[in-house]
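Working notes for the structure below.
Numbering of residues begins at 1 and proceeds along the displayed sequence. Worth saying up front: this structure is predicted, and the values here are computed from it rather than measured.
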Amino acid sequence: RSPIQIMNREALRAMPRVQPLIAGWLGRRQTARLYGPPGSGKSFAAIEMAACIAAGRPWHGYATHRGEVVYLAVEDAEGVALRLRAWEMHHETEHQVHVVSAPVQLNAPSVRRVLGAIRAYFGSEPVALIVIDTQAMVTIGLDENSAQDMGVFVEAVKLLSSETGATVLTVHHSGVRGGRARGSTSVRGAMDVE
């Protein structure tokens with residue numbers, strides 16, 4: 001653990017500002033969550049963000065910071081692969097998104113396995129974005145309505161971001177009545193962007 005640092009006014013003013021990953025939408029080294037009802041295109045949006053960042057292309061006119069992207073396609077790897085292929089055909093370019101299709105859980109021991117796999121694959125190369133698709137599929141056995149259980153998930157997401165330097169974008173479902181993300185609001189409170 002790093003020591004606790006107390007900063008004075010000058011140190012606070014000298015803190016670096018968050019650099020954009022997608023200008024106006026996502027910052028670098030942030031945690032974010034994209035949610036909506038089933039069938040609303042959440043994965044399509046996340047895939048397009050991922051492919052644009054990996055290719056260094058603007059996302060709907062917004063500049064991106066080009067970088068390596070890891071997509072945890074835990075819910076539907078085949079669907080992600082097909083959508084990435086469609087993106088390539090539409091933009092006539094290769095996407096360079098790295099996909100994890102194996103079932104992954106984001107709890108304390110498993111997140112270390114994910115980090116180990118990322119380090120083994122990329123070495124010292126920084127990762128710009130990690131997409132988790134979906135929150136429900138990486139938290140099997142955790143109660144999404146429990147702030148304590150979701151704290152385990154949040155800790156894993158924050159660890160992924162801090163250890164890799166990546167923005168971590170989680171895809172999630174809205175509740176039955178819509179309007180907000182399903183489950184404990186503790187996750188929302190822990191995200192930089194939702």
Side-chain angles (χ1 to χ4, degrees), residues 1-2 21 26-35 42-55 65-85 95-173 181-184 186-194:
R1 289 190 177 263
S2 59
L21 187 59
L26 282 178
R28 293 168 66 183
R29 299 178 178 262
Q30 289 187 321
T31 55
R33 188 164 68 167
L34 171 65
Y35 72 89
K42 301 176 299 295
S43 290
F44 279 102
I47 288 165
E48 187 168 27
M49 287 177 179
C52 287
I53 290 166
H65 171 81
R66 194 234 167 274
E68 299 292 349
V69 176
V70 176
Y71 201 106
L72 302 179
V74 182
E75 187 168 278
D76 181 14
E78 183 180 355
V80 169
L82 290 171
R83 290 168 185 158
L84 283 167
R85 180 69 184 124
H95 63 73
Q96 303 302 324
V97 174
H98 308 276
V99 177
V100 174
S101 62
V104 174
Q105 293 302 297
L106 289 184
N107 52 39
S110 295
V111 74
R112 291 284 175 200
R113 283 185 41 237
V114 173
L115 282 167
I118 290 170
R119 285 189 191 111
Y121 188 85
F122 290 103
S124 61
E125 181 91 18
V127 176
L129 178 68
I130 298 171
V131 179
I132 299 167
D133 192 353
T134 63
Q135 178 181 316
M137 293 304 293
V138 298
T139 59
I140 293 171
L142 298 178
D143 179 356
E144 71 179 12
N145 294 307
S146 162
Q148 183 174 350
D149 281 6
M150 287 300 96
V152 171
F153 169 70
V154 167
E155 184 178 15
V157 167
K158 296 287 186 181
L159 186 64
L160 278 175
S161 181
S162 68
E163 292 283 321
T164 62
T167 295
V168 179
L169 173 65
T170 302
V171 178
H172 189 47
H173 297 284
R182 201 172 67 194
S184 173
S186 65
V187 178
R188 179 180 187 167
M191 295 294 112
D192 297 307
V193 176
E194 186 172 68

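The CD1 atom of I118 sits 6.0 Å away from atom OG1 of T164, with the distance rounded to the nearest 0.5 Å. Distance check: D143 CG to Q148 CD gives 10.0 Å after rounding to the nearest 0.5 Å. Taking CG of L129 as the start and CZ of R28 as the end, the distance is 12.0 Å to the nearest 0.5 Å. Summarising the geometry, atom CD belonging to E163 is positioned 10.5 Å from atom CD1 belonging to I130; distances are rounded to the nearest 0.5 Å. In this structure, CD on E48 lies 11.0 Å from CG on L84, to the nearest 0.5 angstrom. Expressed to the nearest 0.5 Å, how far CG of L21 lies from CD1 of I53 amounts to 3.5 Å.
At distances below 3.5 Å, not a single donor-acceptor pair connects side-chain atoms of T134 with backbone N or O atoms of H172. Not one N or O on the side chain of S184 forms a donor-acceptor pair closer than 3.5 Å with the backbone of E144. D133 places no side-chain N or O within 3.5 Å of a backbone atom of A73 that could act as its donor or acceptor partner. Side-chain N or O atoms of D149 include none that pairs as donor or acceptor with a backbone N or O of L142 at under 3.5 Å.
In terms of heavy-atom proximity, A46 sits nearest to L169 at CB-CD2, 4.2 Å. Here the closest non-hydrogen pair linking L34 and K42 is CD2-O, 3.4 Å. Residues S161 and A166 come closest through the heavy atom pair OG-O, 2.8 Å. When every heavy atom of V171 is checked against every heavy atom of V131, the shortest pair comes out as CG2-CG1, 4.2 Å. The two atoms that bring T31 and A190 nearest to each other are OG1-O, 3.6 Å, heavy atoms only. Scanning all heavy atoms of the two residues, the minimum distance from A54 to H95 falls at CB-O, 3.0 Å.
Side chains of L115 and L160 form a contact here, defined as non-hydrogen atoms less than 4.5 Å apart. T167 has its side chain out of reach of V193: every pair of non-hydrogen atoms, C-beta onward, lies at least 4.5 Å apart. The closest side-chain heavy-atom distance from S43 to Y71 is below 4.5 Å. With a 4.5 Å cut-off on side-chain heavy atoms, F122 and V70 count as touching. With a 4.5 Å cut-off on side-chain heavy atoms, M137 and I132 do not count as touching.
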Practice item. Go through the steps to decide whether T139 and M150 satisfy the test side chain to side chain contact (heavy atoms under 4.5 Å, CB included), and finish with yes or no. Key: CA-CA 8 Å; T139 59; M150 287 300 96; 4.3 Å; yes

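Side-chain contact annotation: Q135 with T170, donor-acceptor N/O pair under 3.5 Å absent.
Environment of CZ in R182: crowded, with over 12 heavy atoms of neighbouring residues, nucleotides or ligands closer than 6.0 Å. Remark: R113 CZ is loosely packed, at most 12 non-hydrogen atoms of other residues, nucleotides or ligands lying under 6.0 Å away. Annotation for R66: atom CZ counts as buried by contact number, over 12 foreign heavy atoms lying within 6.0 Å.
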